[in-house]
Amino acid sequence: MSNHVLVFVELADGKPSKAGLQALGAGCRLARQLGGETVALLAGADVTAHAAGLGAFGANRVRVAQGEQFKAYSQEGLARLVAAQAAEIGAAAVLAAATPAGKDFMPRAAARAGCGLAADCTALAVNAGKAVATRPVYAGKALVQVQAPGALWATLRPNVFATENAGLTAGVEPVSVNFGVGDLRDVVREIVAGARGKLDVAEAEIIVSGGRGLKDPAGEGKQNWENLEKLAATIGAAVGASRAVVDAGWRPHGDQVGQTGKTVSPKLYIACGISGAIQHLAGMSGSKVIVAVNKDETAPIFKVADYGIVGNVEDVVPALTVAFAEALKG
Amino acid sequence: MEIIVCIRRAPTTDARIKPGPDGKTFDPAGINYDISEYDKFALEAAIEMKEKHGGKATVLSLGPAAVSKELRTAVAMGCDAAALLVSDASHDSWAVANALAAKLKTMPHDLVLFGWNSVDNQSAATGQMVAELLGLPCVSVAVALEIKDGVAHVERLAAGGNRERLAVKLPAVITCQKGLNKPRQPNMKGLMNAKKTVIDESPAGAPANGVAVTRMDPPPPRPAGKIVGKGPDAARALVNLLRNEAKVI
Ligand SMILES: Cc1cc2nc3c(=O)[nH]c(=O)nc-3n(C[C@H](O)[C@H](O)[C@H](O)COP(=O)(O)OP(=O)(O)OC[C@H]3O[C@@H](n4cnc5c(N)ncnc54)[C@H](O)[C@@H]3O)c2cc1C
Ligand SMILES: Nc1ncnc2c1ncn2[C@@H]1O[C@H](COP(=O)(O)O)[C@@H](O)[C@H]1O
């Protein structure tokens, strides 16, 4: 095993994604501590143009897998590629962002390499010369530190790791791939846009979440949800929801935050009309700053909130939108 | 069609988790258990499919002998048989996957169903790992599933609420997400059946070497917050604090 760190840099809209560059930053700092190189891996039908630019974000070398087999998403394809690359460079750690894609293919890639996986990690460190990871379990009710007997395979939670401003000049190396699209059994054939381009709560830096306190959007809560969307748009936030809201069919289940929804760690989480049940808190109490708006000053959400407003969502949410708009302008 | 559903017994989601005396695992005092939330969608999918296409649904789990309770619940819902790999040792996803895959090699299977993620360990990994170990295709996070002529037509939830459509030939591994169906409650006949069912128990063997927990800690305490004010008039003060004190906007 070398001391090198391999980082799969995921694309979004054909460019290295923010979560991918954050993983690269984390990998770069880990490689420095291990005394190895940071090797970035890009895969796609047309990605070479982005390769050299990854030096600025911490890559010493960039391996490029360009071909039709990486055009549409395939769990099998990325698992085969990443496992083969990890073996080729003898990586001490293999990292990718814990995005929907990373969560999907990394377990298979690790298994192909005969390794376990530390999923959705929030910290990396070196202990006695070996990479170790910290990850929340029980939806953040506890944190565990894990280590691997050999290489550490890990996915990294978006918005937790900073990108690196390394200013390196990366060498670009094309990789040869020993399979074609015809060898893959699980290629995505079609994408049905839920709300294409919509910011996913799992990757958003700011989340504005609504609970049952906003009331039925098909009835008396219509204006409240519109107000919430407006607040989110003003501050570039994704809209999240409590399970009560999702179960009532008021929001799609992809928006659910909590132990049986998404576990999120944005820099700002604004909970509106959410009581703060243990399952909800489990999913969002890793946020950097929490704001709660609730008419009941004894609501449990205020126990984890850094800042609270006791009041009615009907008038507080629009007032927040106005106040944010002013602040962001000024 | 032979369908196997892999389920995990996990602490209920309202459980308060505290590190135990070994500093590596949680204190089991006062913890209740249930079938991990998403595994219920996998169970429902298996039972619906068996009802529609015929065949057999078998539920499989790895864990301590007490897991027989959750296995009986699965039978009461409508599974035909249950198997338990008994172990008191702690297993990460890789160790679970190795043990399950070894057992699955001895069982006929057209479709192997999982939850997409366990509510306790939250690796979202075991299904894909089993698929790799068995050399099967896998679709994770399924929200729609239909079997036609030996092919699974699946919709999976991807980034930004998009749904990816794909078709994989059976045998295949599918991991299930909320939205796929509405899990049923056991009925009287099911409960009677479950009582009589003989669970196929066998020792799980030593766990494979995956990632090992070296310590468990409670999350760092959050500093005491403050109520900025009441009603819409507090909005400006709040935004001010977010900008100048918390520095997040
Ligand atoms: C197995 C299981 C898993 C679960 N997983 C999750 C999960 O992942 N995520 C999750 O969120 N929940 C989860 N839950 C549900 C959880 O226990 C709560 O029921 C849910 O979070 C409550 O949602 P809520 O806060 O929107 O609604 P409520 O608890 O009804 O709270 C509504 C809040 O709005 C306030 N309010 C009402 N009107 C106004 C107004 N006009 N202005 C301001 N405030 C107002 C009220 O004071 C109250 O605090 C789970 C439950 C179970 C059993
Ligand atoms: N001990 C176990 N026995 C059987 N199936 C399991 C076990 N642990 C996990 N699984 C399955 O794997 C899925 C994903 O678990 P995880 O990788 O821990 O998130 C679960 O939803 C179960 O379907």
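Throughout, protein chains are lettered first and strands after them, A, B, ... in sequence-line order, and every chain is numbered starting at 1. Excluded from the calculations below are hydrogen atoms, water molecules and symmetry mates; all remaining heavy atoms, backbone and side chain alike, are included.
Across all their heavy atoms, B/Gly210 and A/Pro149 have their closest contact at O-CD, 2.9 Å. Closest non-hydrogen pair, A/Gly261 versus B/Tyr38, comes out as N-OH, 3.6 Å. Closest approach of A/Glu203 and B/Ala159 over heavy atoms only: OE2-CB, 4.5 Å. When all heavy atoms of B/Pro220 and A/Leu143 are compared, the closest pair comes out as CD-CD1, 3.8 Å. The minimum heavy-atom distance linking A/Leu117 with B/Ala125 is given by the pair CD2-CB, 4.4 Å. Of all heavy-atom pairs between A/Ala110 and B/Met129, the closest is CB-CE, 4.4 Å.
Distance check, rounded to the nearest 0.5 Å: CD of B/Glu155 to CD1 of A/Ile191 gives 11.5 Å. Of the inter-residue distances, the one linking A/Thr134 atom OG1 with B/Met216 atom CE reads 12.5 Å to the nearest 0.5 angstrom. Note that CG of B/Leu157 is 12.0 Å distant from CG of A/Asp104, once rounded to the nearest 0.5 Å. Remark: A/Glu190 CD to B/Arg163 CZ distance equals 12.0 Å, nearest 0.5 Å. With values rounded to the nearest 0.5 angstrom, A/Glu76 atom CD is found 7.5 Å from B/Glu132 atom CD. Atom CD of B/Gln128 sits about 12.0 Å away from atom CE of A/Met106, to the nearest 0.5 Å.
Between B/Ile249 and A/Ile235 there is no side-chain heavy-atom pair separated by less than 4.5 Å. Looking only at side-chain heavy atoms (C-beta outward), B/Arg222 and A/Ile290 come within less than 4.5 Å of each other. Contact check for B/Val248 versus A/Lys288: side-chain heavy atoms found under the 4.5 Å cut-off. Under the 4.5 Å side-chain criterion, counting only non-hydrogen atoms from C-beta, A/Tyr138 is not in contact with B/Val119. By the 4.5 Å heavy-atom criterion applied to side chains, B/Thr214 and A/Val132 are not counted as neighbours.
Proximity to chain A involves both the backbone and the side chain of B/Arg215, based on heavy atoms less than 4.5 angstrom apart. In this structure, chain B has heavy atoms under 4.5 Å from both the backbone and the side chain of A/Asp186. For B/Arg236, the parts lying under 4.5 angstrom from a heavy atom of chain A are both the backbone and the side chain. With a 4.5 Å cut-off on non-hydrogen atoms, A/Glu205 does not touch chain B at all. Contact annotation for B/Asn209: both backbone and side-chain heavy atoms come within less than 4.5 Å of a heavy atom of chain A. Interface remark: B/Pro219 contributes backbone and side-chain atoms alike to the contact with chain A (heavy atom separation under 4.5 Å). Of the atoms belonging to B/Val143, it is side-chain heavy atoms, and not backbone ones, that fall under 4.5 Å from chain A. For A/Phe324, the parts lying near chain B are the backbone and the side chain together; criterion is any non-hydrogen pair under 4.5 Å. Looking at A/Phe105, there are no atoms closer than 4.5 Å to chain B (heavy atoms on both sides), in backbone or side chain. Heavy-atom distances place the side chain of A/Glu297, and not its backbone, under 4.5 Å from chain B. Heavy atoms closer than 4.5 Å to chain A are found nowhere in B/Ala10, neither backbone nor side chain.
For the set B/Cys138, B/Ala131, B/Ala234, the entry with the most heavy-atom pairs within less than 4.5 Å of chain A is B/Cys138. Your options are A/Lys103, A/Arg189, A/Arg185, and the one with the most heavy-atom pairs under 4.5 Å with chain B is A/Arg185. Per-residue counts of heavy-atom pairs under 4.5 Å with chain B were compared for A/Val316, A/Asp306, A/Val317; the largest is that of A/Asp306. Among the candidates B/Ala208, B/Pro221, B/Gly135, the residue making the largest number of heavy-atom pairs closer than 4.5 Å to chain A is B/Gly135. Of the listed residues A/Ala142, A/Ala148, A/Gly254, A/Ala72, the one with more heavy-atom pairs under 4.5 angstrom with chain B than any other is A/Ala142. Per-residue heavy-atom pair counts under 4.5 Å with chain A were compared for B/Glu164, B/Arg16, B/Lys24, and the maximum is reached by B/Glu164. Of all the listed residues (B/Pro11, B/Gly229, B/Gly179, B/Ser118), the one sharing the greatest number of non-hydrogen pairs under 4.5 Å with chain A is B/Gly229. Ranked by heavy-atom pairs under 4.5 Å with chain B, the first of A/Ala139, A/Ala282, A/Gly311 is A/Ala139. Of the listed residues (A/Ala119, A/Gly308, A/Ala319), the greatest number of heavy-atom pairs within a distance under 4.5 Å of chain B belongs to A/Gly308. With chain A as the partner, the residue from B/Ala124, B/Ala237, B/Ala246 showing the most heavy-atom pairs under 4.5 Å is B/Ala246. Options B/Lys226, B/Arg156, B/Gln122, B/Arg165 differ in how many heavy-atom pairs under 4.5 Å they form with chain A, and the most are formed by B/Arg165. Ranked by non-hydrogen atom pairs under 4.5 Å with chain B, the options A/Thr99, A/Thr260, A/Val201, A/Leu268 are led by A/Thr260.
A/Tyr307 and B/Glu245 form a side-chain donor-acceptor contact under 3.5 Å, judged by distance and modelled atom types alone. Using modelled atom types and a 3.5 Å distance limit, the side chains of B/Thr13 and A/Gln279 yield a donor-acceptor pair.
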### Query
Should A/Arg108 and B/Leu133 be marked as a side-chain contact (heavy atoms from CB on, under 4.5 Å) after you check the CA-CA gap, both sets of side-chain angles, and the distance that decides it?
CA-CA 9 Å; A/Arg108 188 170 194 130; B/Leu133 289 166; over 6 Å; no

### Task
For side-chain contact (heavy atoms from CB on, under 4.5 Å), just list the numbers for A/Ile309 and B/Leu238, CA-CA rounded to whole Å, side-chain angles, deciding distance to a tenth of an Å, and then say yes or no.
CA-CA 8 Å; A/Ile309 293 182; B/Leu238 172 72; 3.9 Å; yes

### Task
Start with the C-alpha distance between A/Val187 and B/Leu166, add both sets of side-chain angles, then the distance that settles side-chain contact (heavy atoms from CB on, under 4.5 Å), and finish with yes or no.
CA-CA 7 Å; A/Val187 178; B/Leu166 45 159; over 6 Å; no

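A salt bridge links A/Arg243 and B/Glu37; the closest N-O separation between the charged side-chain nitrogens and carboxylate oxygens is under 4.0 Å. Between B/Lys178 and A/Asp247 there is a salt bridge, since at least one side-chain N of the basic residue sits less than 4.0 Å from a carboxylate O of the acidic one.
Distance alone, capped at 3.5 Å, places no donor-acceptor pair between the A/Lys303 side chain and the B/Ala224 backbone.
Counting heavy atoms of neighbouring residues, nucleotides and ligands inside a 6.0 Å radius, atom NZ of A/Lys18 exceeds 12 of them.
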